[in-house]
Each structure stands twice: as structure tokens, then as C-alpha cells.
Amino acid sequence: MNHNIHILTSLLCRHGVDKVVVCPGSRNAPIVHWLSESEDMECYPVTDERSAGFVALGMAQATGKPVAVCVTSGTALLNLAPAVAEAYYQQTPLVVISADRPQMWIGQLDGQTLPQPGALGRFVARSVTLPETADDENLRYCGRLVNEALLAARHPVCRPVHINVPLREPLFDFAASDMPPAKAVEFIGHGGASAEQVRRVGDRLTGAARPMIVVGQCAYSRALADALRQLSRRFVVLQEPLSPGAGAVRFDEVIYKIGMSEDYMPDFILYIGGTVVSKRLKKYLRAAAEAETWAVSGDGEIHDTFMTQTAVIEADEVSLLCGLAAVLSETAAVVSENDVRQIATADEFRHRWMAALSAADRHAAAFEPRYSQMQAVRMFETMVDELDYDCHVHYANSSAVRLADIYATHYIYVNRGVNGIEGSLSTAAGFAMACPDMTFCVIGDLSFFYDSNALWNQCLRGNLRILLLNNCCGGIFHQLPGLECSPVRDRLIAAGHHASAHGICDAHDIGYLAAHDADELARHMETFLYSGTHRPLLFEVFTDAEMDAEAIKEYLETFNL
């Protein structure tokens with residue numbers, strides 16, 4: 001059963017596509033069949049694909065709505081190119097649907113095959129190829145791709161789009177079956193943060209029984225921080241120190257303890273910003289299958305992190321959240337009188353989360369980790385909070401930023417766009433070169449050695465401080481269950497080594513400190529944070545990867561709600 005066809009058919013209808021020009025062919029026969037079976041779709045047969053494209057163009061001109069044209073595989077798709085180019089320049093929403101062979105047969109001298117993805121080039125606003133297999137993840141992925149294409153046909157301006165549908169044999173199984181679930185994604189607004197956008201988001205938040213705001217990485221903004229503080233007084237706001245504000249930081253510990261409990265799952269998520277570090281949060285919210293997610297996206301693109309997205313709001317996140325905080329503050333008294341039962345349910349949900357997060361905060365403050373990277377970051381963050389000078393803190397990816405999620409109570413900088421280990425030190429160095437304030441970089445050994453050429457720079461000054469957490473490998477690999485069974489884990493996967501940064505510091509005139517135990521850690525941390533020097537300073541903390549993993553394990557397992 002080619003479930004991608006059913007999802008395509010369902011979403012075409014939900015996005016208001018009710019006319020499709022169909023061309024003859026065997027590979028696209030299943031698509032044509034199921035389109036014709038839909039009560040909401042009208043099919044118009046045209047034999048010549050070159051003409052079919054222009055017929056669909058004329059229908060779109062007449063109706064002002066997107067019109068689809070469906071062709072078989074091979075050169076049939078190329079025959080649509082003139083009509084697609086015309087639709088592009090006329091800004092007409094033409095939806096091209098092409099059947100395709102499975103990827104394994106492309107370029108293998110099989111009939112009617114050519115590389116179809118991207119074949120219409122720059123004349124389409126979006127080109128997507130649907131997945132061939134039908135497990136749950138691919139069904140959601142398929143729905144997201146169709147939503148992306150159909151939204152792009154009309155936003156920000158009308159343009160043609162291309163949906164390529166690889167189909168496996170048997171092609172002609174037309175037995176009725178339950179259509180897999182597919183959620184249409186609604187597009188809300190064009191740029192800015194209009195009063196209508198703010199009102200709709202506010203109504204949806206206050207109308208939910210278990211509303212939640214999830215904040216991914218955001219550039220620092222005092223206005224955004226203030227808005228999130230206001231919203232956190234009324235809603236569950238989950239955020240990491242990668243975003244400004246006073247939302248909850250230690251939700252990862254809560255989710256570790258509650259497992260997949262439905263008591264903490266939201267029914268509505270407002271998602272703003274970029275990526276979140278916590279894999280547990282993403283896994284947990286992806287299990288909230290009945291929830292709906294409205295995501296604020298400055299570029300209007302779908303970013304379906306939790307696989308439950310139902311709306312994309314094209315707006316500046318700061319403007320929208322500030323407007324939302326202001327409107328909800330003004331109307332709080334009115335809203336609270338409308339539906340006492342719903343308000344009580346939402347308050348109970350928030351109090352449940354707040355109690356759990358407060359317990360996590362108390363545990364983090366009380367837990368005394370053994371000598372480890374965890375102890376080093378805890379000590380560093382505790383002392384940073386007490387500094388009497390302005391500073392900025394950068395973290396590298398992997399273990400370092402995950403420790404920041406536990407202990408950092410201030411905004412942190414981290415390269416989470418693609419989450420790579422490269423460039424973290426260079427980014428911090430560039431920041432320190434452009435900003436006179438003290439700049440700290442907390443970084444693991446693999447990230448540091450990978451990017452050590454950042455120190456080969458004559459413009460560096462004494463305001464750059466590097467806390468190097470060196471356990472002689474990629475320590476995160478000691479925390480992944482099952483990987484310990486591989487005999488090559490340490491040497492080949494975790495990239496075990498015996499390197500030190502001392503020689504690199506000597507070569508580049510960088511001050512150097514080192515710790516091998518808790519006493520040295522405490523003694524040199526004072527020097528690291530408070531000494532005045534005209535040159536950068538690096539503090540290398542040597543730990544054992546197994547002890548680092550044990551410290552995290554003890555921290556999580558001793559937490560109780």
C-alpha cells in the first residue's frame with residue numbers, strides 16, 4: 001500500500017486544492033485513482049502533458065486557487081516545464097505531482113526513469129520527494145513535506161511547486177483501506193507580528209487545557225527575556241540557557257524521572273526559536289501525538305521538531321511574544337471569568353510542572369558531584385554568578401552544553417544551528433575580539449583540538465578565558481547505553497587520545513593552568529576567574545570519562561519528585 005498517496009490526497013483537499021488535471025500513465029495510475037475517489041476532488045483528463053500544464057494554469061487563473069496537474073514518471077514531467085515557467089512568472093499556484101520509480105532504479109536503464117527531484121529547477125518555489133516507506137516516522141515526514149510544498153504555493157507569493165511521489169509495485173492495489181493520519185499545517189500571517197496574529201495565539205493558549213511554551217535557541221534580547229518572565233507566571237515555559245528569560249531550565253531531569261507519563265504532556269505547544277539541546281524533551285513531546293503545535297518562524301518555513309505541528313506563524317519572535325505578554329496581561333481578568341473549569345485545569349497543569357521543576361532546582365543545588373567535568377562546570381557556574389565584572393559565556397556542543405543546561409542560570413552562546421563540534425573556540429575568540437568584556441569558553445577536548453587554530457591569532461587579548469574539559473576522548477560516548485559493548489568504542493568511536501593543550505598554549509603565548517583533582521580545581525579556578533593578564537588564559541581540567549559518566553548517572557538517579 002502506497003500510503004504517501006493517501007497523505008497527499010488528504011492534504012491536497014485540506015489545503016483547498018479541488019481541481020486536478022490528470023495525464024495517462026501506469027506509474028501515476030494509483031495517484032489518479034485515489035484523487036478521483038475523493039469526493040472533494042474533480043479530475044480533468046488531458047493526454048498531452050505540454051497542454052495539460054497550460055490547462056491547469058488556465059484553471060488556476062480562473063479560480064484564483066491552486067490547481068494540480070498529475071503526470072507519470074520520466075519525460076512526462078519535463079513536458080510540463082514551459083507551463084511551469086509561465087506560472088512562475090505569472091505568480092500562479094500550480095501544483096505539479098509526478099509519479100516516480102523507487103530511487104534504487106534511477107540510472108539503472110529501467111524504463112521511464114530519470115532524476116526527477118529538482119528537475120523543474122528554479123521555476124518552482126519548492127520541490128519535495130515523498131518517502132517510499134510507511135513506518136510512523138516516515139508517515140509524519142511525508143505529511144510535513146506535502147504541507148511545506150502546498151504552503152509554498154501561496155506564501156509569500158503564489159508560485160508553482162513540485163511534489164515527486166516514488167511508488168513501489170504492485171501499483172494497482174485499489175482495495176479500500178484506512179487512510180493514515182495527516183494534519184494540515186495552517187499558515188498564519190506574513191511577517192511582523194500583527195494584532196490578529198497575537199490575538200489568535202493568545203486565544204489558543206488561553207483556550208488550551210494544558211498549554212506549554214517551548215523556547216529553542218534565541219539571540220539575547222532583554223525584551224524577549226521580560227516577555228518570557230511574564231508568560232511563565234501563567235503558562236509552563238520550558239527553555240534552556242540558550243534563550244533569554246527566566247523559564248525552567250531543568251526540565252530534562254523532570255522528564256528523566258517521570259518517563260513517558262501523560263500527566264505532564266501538553267495539549268497545545270507554542271514553539272519559538274531554534275533548536276533545543278534536550279533529546280529527552282524532544283522524545284517526550286513527540287509522544288504527545290494528540291497535541292498541536294504552533295511554531296513561530298521568521299522565515300515562514302515549517303520546522304516540525306515535535307512532529308505535531310499544525311500552524312506556522314511567520315513573525316518576529318520578539319515582537320510576537322512581547323505583544324502576547326502585553327495582551328494577556330491586559331485581558332487576564334476578562335479571560336479568567338470566561339471558563340472557570342478550563343482555567344482550573346490549565347492552572348493545575350502549570351502547578352504540576354512548577355512543583356517538579358522546583359524539586360529539580362533544589363536537587364541541582366544540593367547535589368555534590370564527585371571530581372569530574374560536572375564538578376568543574378558546577379564550580380565555574382557558581383563562581384561566575386558571583387563575579388563583580390561583566391562577562392559572556394560560550395559553550396561548545398556535546399557534553400559541555402549539556403552540563404550548562406544543568407548549571408547555567410544566565411544566557412549562554414553555543415553553535416546549535418547544526419550542533420557540530422567545530423568552530424566553537426573560533427566563535428568565542430571572535431566574540432572576545434569584538435567585545436571588551438571578559439569572554440569565557442567552556443569546551444571539551446575533541447572540540448578544542450579540532451579548532452585549536454583559533455588561538456593562532458595575533459588579535460587575541462586577555463579577555464578570552466578557556467575552560468578546557470579534557471577526559472581524553474569524546475566523553476558523551478561513555479553515556480550512550482549499549483555502546484560499551486563495542487570493543488572499539490574508546491579507540492575508534494570516542495577518539496581516545498593522550499593530548500594536552502599545554503604545548504599549544506606555549507606556541508601561541510596563552511597562559512596555562514591545569515587541574516588533576518578537586519583541590520587543584522578549586523585553587524586554580526580562583527586564578528582563572530580573577531587574575532588580570534594581557535594574554536588569554538586556558539585552564540585544562542583533566543578527568544576520567546568513566547567517572548564523568550558516573551557523576552551524571554548519580555545526579556539523575558538520586559533525583560526524586
Side-chain angles (χ1 to χ4, degrees), residues 217 241-242 274-275 277 279 372-374 376-377 380 392-405 408 412-434 439-461 463-480 483 486 488-516 528 535-549 552:
Q217 183 172 29
L242 288 70
T275 60
V277 174
K279 291 183 177 180
S372 60
Q373 293 185 350
M374 189 176 194
V377 171
F380 168 77
H392 308 275
V393 183
H394 290 243
Y395 273 84
N397 279 305
S398 201
S399 295
V401 72
R402 285 171 170 79
L403 291 170
D405 270 357
I412 67 170
Y413 296 87
V414 56
N415 291 343
R416 288 301 290 182
V418 290
N419 312 349
I421 68 167
E422 70 282 347
S424 296
L425 183 59
S426 292
T427 303
F431 192 102
M433 289 161 60
T439 301
F440 293 100
C441 179
V442 183
I443 189 169
D445 48 285
L446 296 190
S447 295
F448 173 82
F449 291 117
Y450 192 102
D451 195 27
S452 60
N453 273 343
L455 302 180
W456 189 9
N457 190 321
Q458 60 183 325
C459 299
L460 297 179
R461 300 169 293 172
N463 67 330
L464 176 62
R465 303 291 168 94
I466 303 158
L467 179 60
L468 171 54
L469 308 174
N470 189 351
N471 57 15
C472 296
C473 67
I476 195 72
F477 299 106
H478 286 252
Q479 300 176 34
L480 302 179
L483 193 53
S486 172
V488 298
R489 180 194 65 177
D490 294 344
R491 186 171 65 88
L492 299 183
I493 300 173
H497 64 87
H498 300 287
S500 165
H502 199 165
I504 292 173
C505 290
D506 288 345
H508 299 300
D509 193 28
I510 308 294
Y512 180 81
L513 300 167
H516 298 81
F528 178 67
R535 61 178 183 163
L537 180 62
L538 182 145
F539 182 16
E540 188 167 20
V541 180
F542 292 94
T543 62
D544 178 79
E546 293 294 343
M547 293 299 100
D548 292 337
I552 293 290

Trainee: Of the non-hydrogen atoms in D509 and R535, which two are nearest, and what is the gap between them?
Mentor: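 Scanning both residues, the minimum pair turns out to be OD1-NH1, 2.8 Å.
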Trainee: Would you check if D548 and M374 make a side-chain contact, meaning some heavy-atom pair closer than 4.5 Å?
Mentor: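 A side-chain contact under 4.5 Å is absent here.
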Trainee: Hey, mind stepping through L403 and Y395 against side chain to side chain contact (heavy atoms under 4.5 Å, CB included) and telling me if it holds?
Mentor: CA-CA 9 Å; L403 291 170; Y395 273 84; 5.5 Å; no
Trainee: What is the distance from atom CD1 of I466 to atom CG of L513, rounded to the nearest 0.5 Å?
Mentor: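 Interatomic distance, I466 CD1 to L513 CG, rounded to 0.5 Å: 11.5 Å.
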Trainee: Out of curiosity, I510 CD1 to L455 CG, how far, rounded to the nearest 0.5 Å?
Mentor: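 One gets 5.0 Å once the value is rounded to the nearest 0.5 Å.
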Trainee: A454 and A429: which non-hydrogen atoms are nearest, and at how many Å?
Mentor: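 For A454 and A429, the tightest heavy-atom pair comes out as O-CB, 4.4 Å.
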Trainee: With rounding to the nearest 0.5 angstrom, report the CD to CD1 distance, Q217 to I412.
Mentor: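 Nearest 0.5 Å value for the CD-CD1 distance: 8.0 Å.
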Trainee: Looking at L425, N470, L538, which one forms a side-chain contact (heavy atoms from CB on, under 4.5 Å) with I443?
Mentor: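 Exactly one option meets the side-chain contact (heavy atoms from CB on, under 4.5 Å) with I443, and it is L425.
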Trainee: Decide yes or no on side chain to side chain contact (heavy atoms under 4.5 Å, CB included) for T543 and L469, but give the supporting numbers first.
Mentor: CA-CA 7 Å; T543 62; L469 308 174; over 6 Å; no
Trainee: Which pairs pass side chain to side chain donor-acceptor pair (under 3.5 Å) with one or both residues in residues 448-460, sequence neighbours excluded?
Mentor: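 Matches after skipping sequence neighbours: S426-D451.
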Trainee: For a quick test of reading the model, state the closest non-hydrogen atom pair linking C473 to A545 and the distance between them.
Mentor: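 For C473 and A545, the tightest heavy-atom pair comes out as SG-CB, 3.5 Å.
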Trainee: If you look at every heavy atom in F449 and A501, which pair is closest and at what distance?
Mentor: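 Heavy atoms only, the tightest pair is CZ-N, 3.9 Å.
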Trainee: Nearest 0.5 angstrom please: E422 CD to N397 CG, how far?
Mentor: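 Output value for this atom pair is 8.5 Å.
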Trainee: Using the side chain to side chain contact (heavy atoms under 4.5 Å, CB included) rule, take L242 and V401 through it: C-alpha gap first, then chi angles, then the decisive distance, then the call.
Mentor: CA-CA 9 Å; L242 288 70; V401 72; 4.2 Å; yes
Trainee: Over all heavy atoms of both residues, which pair between A404 and P241 is shortest? Give the atoms and the distance, please.
Mentor: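 So the two residues come closest at O-CG, 3.8 Å.
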Trainee: Using ring centroids (six-membered ring only for Trp), state whether F380 and F539 fall under 6.0 Å.
Mentor: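 Not under 6.0 Å, so no.
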Trainee: Taking only residues two or more places apart in sequence or in another chain, which ones pass side chain to side chain contact (heavy atoms under 4.5 Å, CB included) with S500?
Mentor: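 S500 satisfies side chain to side chain contact (heavy atoms under 4.5 Å, CB included) with H502, Y512, E540, F542 once adjacent residues are dropped.
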Trainee: To the nearest 0.5 Å, what is the distance between CZ on F440 and NE2 on H394?
Mentor: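 The CZ atom of F440 sits 11.5 Å away from the NE2 atom of H394.
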Trainee: Let's go through R402 and Q373 carefully: what are the C-alpha distance in whole Å and the side-chain angles of both, what is the deciding distance for side chain to side chain contact (heavy atoms under 4.5 Å, CB included) to 0.1 Å, and is it a yes or a no?
Mentor: CA-CA 11 Å; R402 285 171 170 79; Q373 293 185 350; over 6 Å; no
Trainee: Once you round to the nearest 0.5 Å, how far does OG of S398 lie from CG of L446?
Mentor: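 Those atoms lie 8.0 Å apart.
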Trainee: Quick one: closest heavy-atom pair of T439 and F431, and the distance?
Mentor: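 Looking at all heavy atoms of both residues, the closest pair is OG1-CD2, 3.5 Å.
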